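Shown next, in structure tokens, is the structure this report addresses.
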Amino acid sequence: MKIICIGRNYSDHAKEMNSPIPEEPLFFLKPDTALFRDKNFYYPEFTSDLHHEIELVVKIAKVGKHISVDNAPKYYNEIGLGIDFTARDIQKQCKAKGLPWEKAKAFDNSAVISQQFIKKEDLDLSNISFSLEKNNTTVQSGNSVDMLFHINQLISHVSKYITLKTGDLIYTGTPQGVGPVEIGDQLTGYLDEKAMFTVNIK
Ligand code: MG
């Protein structure tokens, strides 16, 4: 399986990063070794500015390529929640040099994923609220209504370039409020008020 991550899909986050609003979805990949479903996350030694990015995650249910926006709902049934962990210091260096972001984004355990996924029939896809608490204080909150490109557009766009396969995950972008995590922090992700995962930074 593969992990596809969408960048700058919320205008308020693009602003906080001083990045332009994209004219089409921006995406990058993480390998399957990035997936993290455990409790204790060990702070990587190569960064001193690890950031959380809470994101809704779409699980692909069927193989497809060149999927139209109208047909996209047939290709997913479930939504989960994850964190796109980012070594912000390394990402800044890569951006400044015009280099790829993999070192900053695709490292082991950088894709926190909830054990549970919610059936899309049980959600109002245009109004999914989600948030991240750090040490019991809400640090990020978002709603799918604010996505610049909604799920069907993302699936259609990515599938022009890359065949989507059953089990692939699409991280749909983070709202504003990204920030650093420190050793000792506890992160809990919520989807429509339901706690989906808790991660302890060790
Ligand atoms: Mg992200």
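Numbering of ligands and ligand atoms starts at 1, following listing order. Quick caveat: nothing in here was measured; it's all calculated off a predicted structure.
- For the Mg ion (ligand 1), the neighbouring protein N/O/S atoms at less than 2.8 Å, given as residue and atom, are E53 OE1, E55 OE2, D84 OD2.
- Side-chain atoms of K120 never come within 3.5 Å of backbone atoms of L125 as a donor-acceptor pair (strictly under, hydrogens ignored).
- A salt bridge does not link E182 with K134: none of the charged nitrogens is closer than 4.0 Å to a carboxylate oxygen.
- Both L123 and I170 belong to a common hydrophobic cluster when Ile, Leu, Val, Met, Phe, Trp and Tyr are linked at side-chain heavy-atom distances under 4.5 angstrom.
- Linking ILVMFWY side-chain heavy atoms closer than 4.5 Å, directly or via other members, places F28 and Y10 in two distinct hydrophobic clusters.
- Counting only residues at least two apart or in different chains, salt bridge (Lys or Arg N to Asp or Glu O under 4.0 Å) contacts with residues 60-80 comprise K59-E78.
- T188 and T198 share a donor-acceptor pair across their side chains, judged by distance under 3.5 Å alone.
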